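These notes concern the structure reproduced below.
When reading the values below, keep in mind they use all heavy atoms of this one structure, side chains included, and skip hydrogens, waters and symmetry mates. Per chain, numbering begins at 1; letters A, B, ... match sequence-line order. Just so we're clear, the structure is a prediction, and the values are computed from it rather than from any experiment.
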Amino acid sequence: MARYDPAEIEPRWQDQWDREGSFAARAESSQPKYYVLEMFPYPSGRIHMGHVRNYTMGDVVARHKLAQGFNVLHPMGWDAFGMPAENAAMEQGGHPADWTYGNIRDMRAQMKPLGLSIDWSREFATCDPEYYGQQQAMFLDFLEAGLAYRRAAVVNWDPVDMTVLANEQVIDGKGWRSGAEVERRELTQWFFRISDMAEELLDALDGLEHWPEKVRLMQKNWIGRSRGLQFAFSTVGAPEGFDRLEVYSTRPDTLLGATFAAISPDHPLARKLERDDPAVAAFVAECRRTATSEEALETAEKVGLDTGIRVRHPFDESLELPVWIANFILMDYGTGAIFGVPAHDQRDLDFARKYGLDVIDVFESRDAPAPVADVAFVPPKTEAVRYVRGFAGEEVQTGEDAIAAAIALCEAQGVGQGVTRFRLRDWGVSRQRYWGCPIPVVHCPACGVVPERKENLPIQLPRDVSFEHPGNPLERHPTWKHCACPQCGGDATRETDTMDTFVDSSWYFARFTAPRADKPTDPAQAGYWMNVDQYIGGVEHAILHLLYSRFFARAMIATGHLPEHCREPFGALFTQGMVTHEIYLTRDARGRPVYHLPEEVADGRLIATGAAVEVIPSAKMSKSKKNVVDPVTIVRDFGADTARWFILSDSPPERDVEWTAAGAEAAFRHLNRVWRLASELEAAPEDGTPEADLALRRAAHRAIRDVSDGIEGFAFNKSVAALYTLTNALRETTAGRAVRAEALRTMAQLMAPMVPHLAEEVWRMAGGTGLVLAARWPQADPALLTLATITLPIQINGKRRSEIEVARDADRATIEAAALADEQVLKALAGGTPKKLIVVPGRIVNVVV
RNA sequence: GCGGGUGUGGCGGAAUGGUAGACGCAGGGCACUCAAAAUGCUCCGCCGCAAGGCAUGGGAGUUCGACUCUCCCCACCCGCACCA
């Protein structure tokens, strides 16, 4: 007898889909469109299970929409610029372009057997000159529109390798290769003016109804709108030109609790003092030996230096506060200077305790007033507290009210001004690296910074570069940067900075609508296909990638590259969880862990030596821990449908899923069972009983409802469970052949988004016509979903004690009577009457005695 | 440090204000087999002979009723602007 043979089935159907052009997106018809997009991959060279999960989810959505009659756009491309290609060139030789395109070729070959419904004719890589040339054109438009500009900014500098380091390349404050202490260095760099759109990007979040609430919240906090007071202290003993010190505070109501002022090590005053005072210079230099990442700054031990300068309190000229330089004050936020209120800010309190500064309570709890000791009193701003050193508003008021009153009073007295600020900073796009999109400007000794002419685009990366030394090969290249000034024609040099790879991924979704257009976009195509109806990717992109893309959409509208309705380019967003696996390890002679691949382990022992392994609970698959499963191996051993079925089945899509060998084998066994059910159809009896026929039809229609609900609600695991249930019904049924065939065809349709190859096979065996992917998605018949009688649980004092059978539409009085006649209820009442009787028709009865 | 999330049987999970554990995995028993694999049937939260009790990370609260809502705590995961 024939067997389920995915190795034969899957390529056969893939060929047929290819021949029929089943997945070519067509814009010309009158059908509604649907654009499904998964975050495109970085071409590392191997696909991993995270990719399989991501693209399978997108494929389920795409195939479901296809079956519902939409014109579906489901493209794929490559986020192909970035550091790994340069690292590979440095480590193994070769060229980043060869490495990248080779990886793309390999990964495409690994992805195709998955049977994804992708329109491969639209594929591109961001390192294609055709793509980055259009990106350069947009950069020039942004520049002209005032959306791009240059200013100085700090970078991580490796003084040994003489190169700029990414945050990821700084490990415990040291360069990853050289091990040298990292320094901060200022460079002139290109920026996009995203902060000008802070308010708009924040307010528009409310309209993103189909985005996860958590992502909107993260973006909201990241943009960080705050209302506070800005004012100037007058200084005592400060150098010339620093007679005032501007500070910003979101808690001006605590002004009378200020016991010190603090400035950033990068504050102009600190820089001035640094020049004249060796102690300050030494301290500031020490502060600069911290990496630039906010995390590094925030987690570093809080240290400070008293400058000896003092400031006068604006409400009491006789009160003078010391001015400290403190390493935790960020120059990028506010004015780079604050006043410290130790009683009501934990960081300030730790600082005050460390350096013996005063602590003055401003307000206290109404319930349990107590002076602040080692824990700052920081209640929610909505909580009413008693002000003991307030100066505006009521004695008892909320923080919110007190802040508003303090700002109003300070404005009235001319002390300061209420100011709205955003945490969001402008987007620095300059990278001192080779493998990225060249920034298309020219530095001319006569004309200054000059945009390249559009007809000279793309400014292509030179091919002949070397990676034997760290640093930017474009800078070292003998000829590339020398050019004629586009304005005066004189000798000039090219910008050698390339763009942040986040720029590449901020508009690829728009390019997919017209990937070969000779402009960045084609208005007709973008107008038809945009926006992305469903975007799917990891939550790690919740802030930066998605925020930059939202900015880019607005900037592209402003420069005429997208229509107005693309302001929010992603209509719905889904963030999927990771794929995890157990970690297996043994110990070497010194007790250090030695990790082992899953396929090297069986029954808790190494297959090779029989040594017992330690098992560490599941974690994200990572090469260093060797807890990885190669999709290629799974597809080879079980077929793509098994990989797809398992990756969808066990966990809700937003949660992590644990890959287990047992689960994969079980998925394979299930698909075998389904195949056998279809192959045994011909042997089924011609006629069944009417009861059995009806029961199977009911089961099929419940499955239609449950699978559809699962797909629409992004709960594919529930769709899978519903399909298991239908499979069980088919296995147990005594229905006749025609009814079985109908149920099998329904099952084939419902399975098709998840296991498309097997679905085509079952569809064919059960007598379906054409391709199952082209068959219209089935509709559940409401008459087959409801039963005449239902079982109603009866609770006594909230605990389930009994149940009654009632008509589905029984009214309250009938249910009450039936409940009160129940044996358990009579026993509990013992002749008395219930204190309360809650009847929720169709759901539950609760008797309170 | 700051921001966000997650936590339910041996395991993945279902139920999102109304019967906690659907569906699957693992495990036990049985059938088929010379045997094994495969397949099929069946049992399966914990304690208890039972009646019953306990149980959704821990603790409190709201409610007739809480996995679900509120507050506090714990553990783990993600992000922190030059990783993609």
Side-chain angles (χ1 to χ4, degrees), chain A residues 39 41-42 44 79 81-84 153 155-156 164-170 189 194 212-215 217-222 224 292-300 302 328 332 346-347 350 423-433 500-502 504-505 538-545 547-548 575 577-578 580 617-620 646 649-652 654-658 660 662-663 665-667 669-670 672-673 676 706 715 717-718 720-725 727-728 731 791-795 797-803 834-838 840 842-848:
Chain A
M39 291 179 183
Y42 179 79
S44 60
D79 189 12
F81 275 136
M83 293 198 302
V155 294
N156 297 309
V164 177
L165 297 177
N167 284 335
E168 152 184 273
Q169 298 173 315
V170 179
Q189 311 214 63
I194 188 173
E213 187 57 42
K214 64 175 174 187
V215 175
L217 191 56
M218 280 189 262
Q219 294 221 348
K220 182 184 170 199
N221 291 334
W222 185 261
T292 56
S293 80
E294 190 162 313
E295 185 188 3
L297 296 173
E298 293 276 335
T299 52
K302 316 278 175 283
F328 59 92
D332 284 321
Q346 191 61 45
R347 236 169 16 177
D350 295 342
R423 204 183 78 96
L424 181 66
R425 309 197 294 257
D426 276 338
W427 174 11
V429 297
S430 283
R431 298 293 182 271
Q432 293 70 39
R433 276 185 258 287
D500 179 8
T501 56
F502 271 122
D504 312 336
S505 56
V539 72
E540 65 272 21
H541 296 293
I543 296 176
L544 293 179
H545 163 60
L547 190 61
Y548 291 152
T575 56
M578 299 179 302
T580 66
S618 254
K620 179 176 183 170
F646 178 69
S649 66
D650 253 22
S651 295
E654 69 276 13
R655 213 128 15 114
D656 292 350
V657 62
E658 181 177 11
T660 62
E665 283 156 21
R669 281 202 300 273
H670 170 74
N672 271 283
R673 226 174 276 143
R676 214 175 313 123
D706 294 344
N717 56 321
K718 290 192 230 170
V720 167
L723 281 163
Y724 269 111
T725 306
T727 308
N728 291 340
R731 288 206 290 172
T791 305
L792 217 53
I794 298 188
Q795 296 183 330
N797 291 337
K799 289 207 181 271
R800 184 184 161 280
R801 282 296 132 92
S802 186
E803 56 188 33
K835 272 192 209 151
K836 206 166 181 179
L837 186 62
I838 289 122
V840 185
R843 306 246 38 153
I844 205 162
V845 178
N846 190 7
V847 186
V848 186

Rounded distance in Å between the C1' positions of B:A75 and B:A26: 26 Å
Heavy-atom donor-acceptor pair, A:Asn717 side chain to A:Asp650 backbone, under 3.5 Å: no
B/S/- contact track for nucleotides 23-30 of chain B, protein heavy atom under 4.0 Å: SSSS----
Touch class at under 4.0 angstrom, heavy-atom based, for A:Gln189 against every strand present: base
A:Ser293, nearest nucleotide to its side chain (from B:A14, B:G40, B:A81): B:A81
Touch class at under 4.0 angstrom, heavy-atom based, for A:Trp222 against every strand present: base
Electrostatic pair A:Lys302-A:Asp350, nearest N-O below 4.0 angstrom: no
Integer angstrom distance from the C1' of B:A14 to that of B:U56: 12 Å
Any A:Arg431 side-chain N or O less than 4.0 Å from OP1/OP2 of B:C82: yes
Touch class at under 4.0 angstrom, heavy-atom based, for A:Pro652 against every strand present: sugar-phosphate
Sugar-phosphate only, base, or nothing, as touched by A:His541 at under 4.0 Å among non-hydrogen atoms: base
OP1 or OP2 of B:C2 under 4.0 Å from side-chain N/O of A:Asn221: no
Under 4.0 angstrom between A:Arg655 side-chain N/O and B:G13 OP1 or OP2: yes
Residues forming a salt bridge (Lys or Arg N to Asp or Glu O under 4.0 Å) with A:Asp504, sequence neighbours excluded: none
Sugar-phosphate, base or nothing in reach of A:Gly428, heavy atoms under 4.0 Å: sugar-phosphate
SB check A:Lys220 A:Glu213 (cutoff 4.0 Å): no
From B:C78, B:U19, B:G40, nucleotide with atom closest to A:Ile844 side chain: B:U19
Whole-Å C1' distance, B:C30 and B:C77: 44 Å
Phosphate contact (B:A15 OP1 or OP2) by A:Lys718 side-chain N/O below 4.0 Å: yes
Integer-rounded Å distance: B:C83 C1' and A:Gln432 CD: 16 Å
Integer angstrom distance from the C1' of B:C46 to that of B:G1: 42 Å
Between B:C25 and B:C69 - P atom distance, rounded Å: 31 Å
Separation between the C1' atoms of B:A37 and B:C74, rounded to whole Å: 47 Å
Sugar-phosphate, base or nothing in reach of A:Phe328, heavy atoms under 4.0 Å: nothing
Salt bridge (Lys or Arg N to Asp or Glu O under 4.0 Å) partners for A:Glu298, two or more places apart: A:Arg347
Pairwise C1' distance, B:C83 and B:C76 [rounded to whole Å]: 23 Å
Sugar-phosphate, base or nothing in reach of A:Ser430, heavy atoms under 4.0 Å: base
Sole residue of A:Asn846, A:Val848, A:Val847 in side-chain contact (heavy atoms from CB on, under 4.5 Å) with A:Asn797: A:Val848
All stems with RNA chain B, defined as three or more consecutive Watson-Crick or G-U pairs under 3.5 Å: B:1-7 with B:74-80, B:10-12 with B:23-25, B:27-31 with B:39-43, B:45-47 with B:52-54, B:57-61 with B:69-73
Touch class at under 4.0 angstrom, heavy-atom based, for A:Arg425 against every strand present: base
Short heteroatom pairs, N/O only, protein and nucleotides 64-66 of chain B, under 3.5 Å:
| residue | atom | partner | partner atom | Å |
| --- | --- | --- | --- | --- |
| B:C64 | OP1 | A:Lys836 | NZ | 3.4 |
| B:C64 | O2' | A:Asn846 | ND2 | 3.3 |
| B:C64 | O2 | A:Asn846 | ND2 | 2.5 |

Under 4.0 angstrom between A:Arg801 side-chain N/O and B:G52 OP1 or OP2: no
Any donor-acceptor pair under 3.5 Å from A:Thr580 side chain to A:Val657 backbone: yes
Pairing residues for A:Arg669 by the salt bridge (Lys or Arg N to Asp or Glu O under 4.0 Å) criterion, not counting sequence neighbours: none
Atom-pair distance (NZ on A:Lys799; P on B:G53), nearest Å: 7 Å
Geometric class of the A:Tyr724/A:His670 ring pair [parallel <30°, tilted 30-60°, perpendicular >60°]: tilted
B:G10 versus B:A81 - spacing of their C1' atoms, nearest Å: 44 Å
Closest listed nucleotide, where the reference is the side chain of A:Glu168 and the choices are B:A81, B:C83, B:C82: B:C83
